[in-house]
Amino acid sequence: MSKSLIERTQYAGADLSLSEICELLSITSDIDLDLLWQAADHVRRQEVGEDIWLRGLLEFSNICTCNCLYCGLRRDNTGLPRYRLTEEQILEAVHRLSRLGIGTVVLQSGEDPYFTEERLIALLHAIRNTCDIAITLSIGYRPKSELAAFKRAGAHRFLIRHEIANPDLYRVFHPDSTLADRVEQLKDLRALGYEVGSGCLVGLPGQTVADLADDIALARELEVDMFGVGPFIPHPDTPLGEATPGSTLMTYKMIAVARLVLRDVHIPVTTALSTLEEDGREKGWMRGANIVMPNATPAPYRAQYELYKNKRCIDDTLEHCRGCLGRRVKSVGRVIGQGRGTSLKLLRREVLV
Ligand code: SAM
Ligand code: SF4
């Protein structure tokens with residue numbers, strides 16, 4: 001049954017029903033898994049080609065007013081040293097990315113009230129005036145008026161995962177927001193002309209395969225430009241510290257099935273996946289992914305952006321990461337994309353209007 005279903009996905013994956021998505025995510029035999037990886041790799045090649053795009057991740061503040069149960073940055077984690085980069089430090093890191101030919105910076109932080117609309121607009125202007133780089137914001141919830149102002153000030157993309165598409169479980173893990181809030185923000189971002197990234201965690205306690213199928217279906221409904229899937233890794237100083245980590249196999253299946261369903265979307269291999277498996281990046285790229293996010297956060301702050309313990313590559317410089325990723329990309333027969341790596345979905349949308 002799975003074999004014929006997998007074959008069908010290569011041509012008509014976008015139309016899979018929820019039960020078919022569940023069936024693919026439930027595959028366990030080595031033979032069927034190999035077929036799934038091959039189908040995802042085929043569709044990846046056909047839809048987004050051989051490029052692997054680098055998105056430089058700059059974690060500019062680890063201060064957060066939220067209390068998500070799984071995250072080491074949650075406000076109740078009082079043992080974590082907190083930091084906030086200055087505008088000069090941020091600009092220096094962005095310029096370093098640009099000098100290395102990395103076409104995107106992802107400005108990521110906790111929900112830090114210090115970074116008001118005015119301060120972020122000033123920062124966006126400073127980057128746009130000194131550097132030719134695509135700017136992604138990943139700063140959590142913001143009202144629509146601010147999202148519009150950031151777009152006008154030069155932000156190109158926004159990344160905010162819906163995290164888990166089951167509204168009841170969303171409520172359990174996120175005391176400060178609802179799934180409906182996140183979905184509304186994703187819709188607002190799309191309406192404002194952003195390239196929009198969403199995604200989910202794999203392996204949160206109580207999450208089922210049907211929930212994961214809903215995660216992919218929600219991303220399809222929202223027509224996201226980027227879909228990031230990472231395994232949940234328990235942080236000992238959070239309420240989920242004793243929980244079991246998310247499965248890497250299920251994460252690969254999510255990447256592969258997301259590629260079959262979402263077609264020309266950008267799919268990253270996440271740091272969380274490569275933290276749990278040394279060769280997680282290579283496997284992810286061979287199973288549907290086409291993005292990686294080298295870490296551009298300067299020492300000593302990188303180690304303090306502690307979503308979970310033992311994050312990979314926290315002692316490496318950006319230059320070292322760039323070299324290492326170049327070798328890894330080559331080892332899977334692919335090439336590093338040159339330029340910004342704009343969403344193919346967005347380019348197609350623009351052709352249609
Ligand atoms: N505060 C912003 C937000 O929540 O969208 C951006 C920063 S947040 C740290 C980025 C992502 O980290 C979240 O979307 C979440 O999925 C992921 N994350 C947080 N804690 C994690 C954990 N323990 N294991 C794996 N991923 C985690
Ligand atoms: Fe804050 Fe984001 Fe972590 Fe939630 S996931 S506690 S919003 S940094």
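Since the structure is predicted, the reported quantities are computational estimates derived from the model, not experimental observations. Order of appearance sets the numbers: ligands from 1, and atoms from 1 within every ligand.
- Residue-ligand proximity, Arg161 to ligand 1, at heavy-atom distances under 4.0 Å covers atoms 14 (O), 15 (C), 16 (O), 17 (C).
- A ring-centre distance under 6.0 Å is found for Phe60 and Phe115.
- The protein heavy atom nearest to atom 12 (O) of ligand 1 is Leu307 CD1, 3.5 Å.
- Across every non-hydrogen atom of His95 and Cys131, the tightest pair is CD2-SG, 3.9 Å.
- Salt bridge Arg96/Glu319: present, at least one basic N to carboxylate O contact under 4.0 Å.
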Practice prompt. Give the C-alpha distance, both sets of side-chain angles, the deciding distance and a yes or no for side-chain hydrogen bond (donor to acceptor under 3.5 Å, both in side chains) between Thr238 and Tyr308.
Written response: CA-CA 9 Å; Thr238 66; Tyr308 42 82; over 6 Å; no
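- The shortest non-hydrogen separation linking Leu85 to Pro298 is CD1-CD, 4.0 Å.
- For the pair His266 (side chain) and Gly341 (backbone), a donor-acceptor distance under 3.5 Å is present.
- For the pair Ile267 and Arg44, the minimum side-chain heavy-atom distance is 4.5 Å or more.
- Ion pairing between Asp225 and Lys345 fails under the 4.0 Å rule for side-chain N and carboxylate O.
- Nearest protein heavy-atom neighbour of atom 24 (N) of ligand 1: Ile233 N, 3.1 Å.
- Applying the side chain to side chain donor-acceptor pair (under 3.5 Å) test between Asp215 and each of Arg161, Arg220, His162 identifies His162 as the sole match.
- Counting only heavy atoms of the protein, atom 26 (N) of ligand 1 lies nearest to Leu201 CD2, 3.3 Å.
- Interatomic distance, Leu169 CG to Gln207 CD, rounded to the nearest 0.5 Å: 7.5 Å.
- For Tyr301, the ring pair (Phe, Tyr, Trp, His ring centres under 6.0 Å) partners two or more places apart in sequence, or in a different chain, are Tyr83.
- The shortest separation from a heavy atom of His235 to ligand 1 is not under 4.0 Å, leaving the residue out of contact.
- Every atom of ligand 1 with a heavy atom of Ser138 under 4.0 Å away is listed here by number and element: 6 (C).
- Ligand 1 lies nowhere less than 4.0 angstrom from a heavy atom belonging to Tyr141.
- Ligand 1 has at least one atom lying under 4.0 Å from a heavy atom of Ser109.
- A heavy-atom distance below 4.5 Å is found between the side chains of Leu189 and Gln185.
- By the definition of a contact as any protein heavy atom under 4.0 Å away, atom 3 (C) of ligand 1 is in contact.
- By the 6.0 Å and 45° rule, Lys151 stacks over the aromatic ring of Tyr194.
- Within the 4.0 Å cut-off (strictly below), no protein heavy atom is located near atom 2 (Fe) of ligand 2.
- At a heavy-atom cutoff of 4.0 Å, ligand 1 is contacted by the side chain of Tyr305 but not by its backbone.
- Atoms of ligand 1 lying under 4.0 Å from any heavy atom of Cys71, numbered from 1 in the order shown and given with element: 19 (C), 20 (N).
- Put simply, no part of Gly228 is less than 4.0 Å from ligand 1, judged by heavy atoms.
- The single protein non-hydrogen atom nearest to atom 25 (C) of ligand 1 is Pro231 O, 3.4 Å, given as residue, atom name and distance.
- Excluding waters, the protein N/O/S atoms found under 2.8 Å from atom 1 (Fe) of ligand 2 are Cys64 SG.
- What sits closest to atom 14 (O) of ligand 1 on the protein, heavy atoms only, is Glu163 OE2, 2.6 Å.
- Scanning the protein for heavy atoms near atom 21 (C) of ligand 1, the closest one is Tyr70 CD1, 3.9 Å.
- The structure places CG of Asn62 at 9.5 Å from SG of Cys71, a figure rounded to the nearest 0.5 Å.
- Assignment of Arg182 to the shell around ligand 1 is supported, since a heavy atom sits closer than 4.0 Å.
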